[in-house]
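Report on one structure; see the data block that follows.
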Amino acid sequence: MNLYQENHDLLAICKLAPVIPVLLVDETANAVPLAQALIAGGLRVIEVTLRTENAFDVIEVMAANTTEGIIGAGTLLSKEDVYAAKRAGASFGVSPGVTDQILSACAEVKLPLLPGAATPSEVMNLLSKGYSVQKFFPAQSNGGIAALKSIQGPMPDVSFCPTGGVTSTNALDYLSLENVVCVGGSWVAPKDKIKAADWQAITKLARHASALRKHSET
Ligand code: 3PG
């Protein structure tokens, strides 16, 4: 099987900002102003989840209209999702877990993938296929910081993007771990602020998030 990850690309993307906003965008008209608000606050790498019917439209307009943004497709659950994400112009994909179908499809269309893992076996399985950057999901309910510290001992070569339950309160603690390259979270783009088109508030949240740095970088 032709499994594939542009590890260097993915790692480089993950290093662009400490936080990847995880977005649910119901209205396609909000896509560009939302992305611009996040980018203005210093968050260039954006994950659009496929949890809304218009998600691929959102990815398409964001990717086409925000030159500084690196727009990814989240919630990849099938090879069809991968193909559609690529067609929409996504620069990377994120999956909550992985299947061989998803890995193969990403390899086929050359979509850098941040694949999800939650257990040592899943981490090892992905690492054996060359995926050294992984999404730790669901982070907080899966042992959070303590679990990531425990995983680092035996598997120091894996870098994680913990997502799920990461907030402005605990993000810095996650980022201080040696095996955490960035975190993902929805707190920087709350549903009510998107609905109200309160882009200034989202820029402020993004600015705060982008100022979070790994301890080793401060
Ligand atoms: C999700 O499942 O939507 C992402 O992991 C984000 O989780 P969060 O809403 O807890 O940040």
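Remember, it's 1-based here, ligands and their atoms both numbered in the order they're listed. Predicted, not measured: the structure shown is a model, and the values here were computed from it.
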Hey, can you pull the donor-acceptor pairs under 3.5 Å for the side chains in residues 32-42, sequence neighbours left out?
none

Heavy-atom closest pair (Ile194 atom, Ala189 atom, distance to 0.1 Å) is CD1-O, 3.5 Å
Near ligand 1 (heavy atom, under 4.0 angstrom), the protein residues are Val22, Arg51, Phe137, Thr163, Gly164, Gly165, Gly185, Ser186
Only one of Phe137, Phe136, Tyr174 passes side chain to side chain contact (heavy atoms under 4.5 Å, CB included) with Phe160, and that residue is Phe136
- Whether over 12 other heavy atoms sit under 6.0 Å from Met155 CE: yes
*asked:* One thing to verify: whether Asp198 and Lys204 come together as a salt bridge, which I'm taking to mean a side-chain N less than 4.0 angstrom from a carboxylate O.
replied: no
Could you tell me whether the side chains of Thr28 and Asp57 share a donor-acceptor contact shorter than 3.5 Å? no
